[in-house]
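Structure first, then comments.
What you see is a predicted model; the values in this text were computed from it and never measured.
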Amino acid sequence: MIEFVGLSVVLLIPFVYFFLALFSVQRSAFAVTQAAREAGRAFSTANNAEEGLTRARVAAQLAFQDQGVEAAPEVRFAPEGADCGAANPGDGAATLEPGAVFVVCVRTVASLPGAGILGPGLADVTLNGQFTVVIDQYRGDRGTPAP
């Protein structure tokens, strides 16, 4: 009986920690994927680029809140085919011109539970989400003001 209780505690604690860490990273992975998709949709339906940028950032933050992630999302707009996992995927590719194609990149850092004891940032996992936005070719050009 004593061996069973001793082994149960020794094996159960790492097992529970592993699943807590796994769930934390998975929650953040869902958040960046959802945030990239929602930010792209919010930008593509805006009336102008400034409004689109604001809407994209708010949509990404709402997606993070929906998944319970408290970190602020880093939202970037990269050219078509860019690698969002790169150190600098590019920025400023967002446009509302009909037929435009670009990539929305969302990045966050997920910290593992209890890893702050070891040191800040020592056991952090960087997660990237991306969504390719295609502006409808037949819609009116909202990127330039009408005369």
Quick check on the hydrophobic clustering: are [X] and [Y] connected, directly or via other members, by side-chain heavy-atom contacts under 4.5 Å?
X	Y	value
Val32	Val103	no
Phe18	Phe23	yes
Phe30	Leu112	no
Val104	Leu62	no

Rounded distance [0.5 Å steps], [atom1] in [X] versus [atom2] in [Y]:
X	Y	atom1	atom2	answer
Arg27	Leu127	CZ	CG	11.0 Å
Asn48	Thr54	CG	OG1	8.5 Å
Phe15	Leu20	CZ	CG	11.0 Å
Asn128	Glu74	CG	CD	8.5 Å
Arg41	Arg55	CZ	CZ	13.0 Å

Shortest non-hydrogen separation from [X] to [Y] and the atoms involved:
X	Y	result
Val133	Ser44	CG1-CB, 3.9 Å
Gly40	Phe131	CA-CD2, 4.2 Å
Ser111	Ser24	O-OG, 3.6 Å
Leu96	Ala49	CD1-N, 3.6 Å
Ala71	Phe64	O-CD2, 3.1 Å
Pro98	Ile135	CA-CG2, 4.1 Å

Do the ring planes of Phe43 and Phe77 sit parallel (below 30°), tilted (30 to 60°) or perpendicular (above 60°)? tilted

Partner of Ser28 under side-chain contact (heavy atoms from CB on, under 4.5 Å), picked from Val69, Val125, Thr33, Thr126, is Val69

TODO: Determine, stepwise, if the pair Gln34 / Asp66 fulfils side-chain contact (heavy atoms from CB on, under 4.5 Å).
DONE: CA-CA 9 Å; Gln34 180 183 0; Asp66 183 42; 3.3 Å; yes

**Request:** Check for a donor-acceptor pair, side chain of Arg107 on one end and backbone N or O of Cys84 on the other, with a separation under 3.5 Å.
**Result:** yes

* Asked: Are Gln61 and Arg57 close enough, and set up right, to give a side-chain contact (heavy atoms from CB on, under 4.5 Å), and what steps lead you there?
  -> CA-CA 6 Å; Gln61 185 62 44; Arg57 289 191 175 97; over 6 Å; no

